[in-house]
Amino acid sequence: DAIAALDDTYATDEELASAVNQLKELLTQAEAGLEQKINQVQENLDQAVEELTNSISANKSDVEEKLSAVDSAYKTA
């Protein structure tokens, strides 16, 4: 019977509701995982900026000391 065959090809409301709930759960898990990764990237960026700032500060002091020594040597000569 053709109509009975069509009924077998369509999902029931309960099956659709179950599938929607599974998708919602997967979406929630994916969002949580994404948020965790974003936070991890932000922490890594914060650490990198801190390390770069410290490195720049250390190099600035070193360069200033060397320029001062060159300036003193020039004035002495």
Side-chain angles (χ1 to χ4, degrees):
D1 178 66
I3 294 179
L6 286 175
D7 286 340
D8 291 339
T9 61
Y10 293 104
T12 64
D13 288 345
E14 293 81 18
E15 291 171 329
L16 290 174
S18 175
V20 168
N21 285 333
Q22 288 175 352
L23 287 173
K24 285 180 181 179
E25 289 174 15
L26 289 173
L27 178 60
T28 299
Q29 292 172 3
E31 287 175 337
L34 180 60
E35 184 175 347
Q36 181 182 14
K37 293 297 181 185
I38 289 171
N39 289 339
Q40 185 178 12
V41 167
Q42 185 62 53
E43 289 173 12
N44 290 345
L45 286 172
D46 291 344
Q47 181 66 31
V49 168
E50 181 180 344
E51 290 174 7
L52 182 59
T53 301
N54 291 340
S55 178
I56 289 170
S57 295
N59 287 336
K60 179 182 174 190
S61 297
D62 187 46
V63 168
E64 287 173 347
E65 289 173 13
K66 289 178 180 176
L67 282 175
S68 179
V70 167
D71 187 48
S72 295
Y74 176 75
K75 288 178 180 176
T76 303

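- Summarising the geometry, atom OG belonging to Ser61 is positioned 12.0 Å from atom CD1 belonging to Ile56; distances are rounded to the nearest 0.5 Å.
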Which donor-acceptor pairs under 3.5 Å do side chains of residues 66-77 form with protein atoms, sequence neighbours excluded?
| residue | atom | partner | partner atom | Å |
| --- | --- | --- | --- | --- |
| Lys66 | NZ | Asp62 | OD2 | 3.3 |
| Asp71 | OD2 | Lys75 | NZ | 3.2 |
| Ser72 | OG | Ser68 | O | 3.0 |
| Thr76 | OG1 | Ser72 | O | 2.7 |

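- One distance of note links CG of Asn21 with CG of Leu26; it measures 11.0 Å at 0.5 Å rounding.
- Other residues, nucleotides and ligands contribute more than 12 heavy atoms inside 6.0 Å of the CD atom of Glu64.
- Partners of Gln42 by side-chain hydrogen bond (donor to acceptor under 3.5 Å, both in side chains), not counting sequence neighbours, listed by chain and number: Asp46.
- Between the side chains of Gln36 and Gln40, not a single donor N or O lies within less than 3.5 Å of an accepting N or O.
- Leu23 has its side chain out of reach of Leu27: every pair of non-hydrogen atoms, C-beta onward, lies at least 4.5 Å apart.
- Note: Asn44 CG to Lys37 NZ = 10.0 Å, rounded to the nearest 0.5 Å.
- With hydrogens and angles ignored, the 3.5 Å screen pairs a side-chain donor or acceptor of Thr53 with a backbone N or O of Val49.
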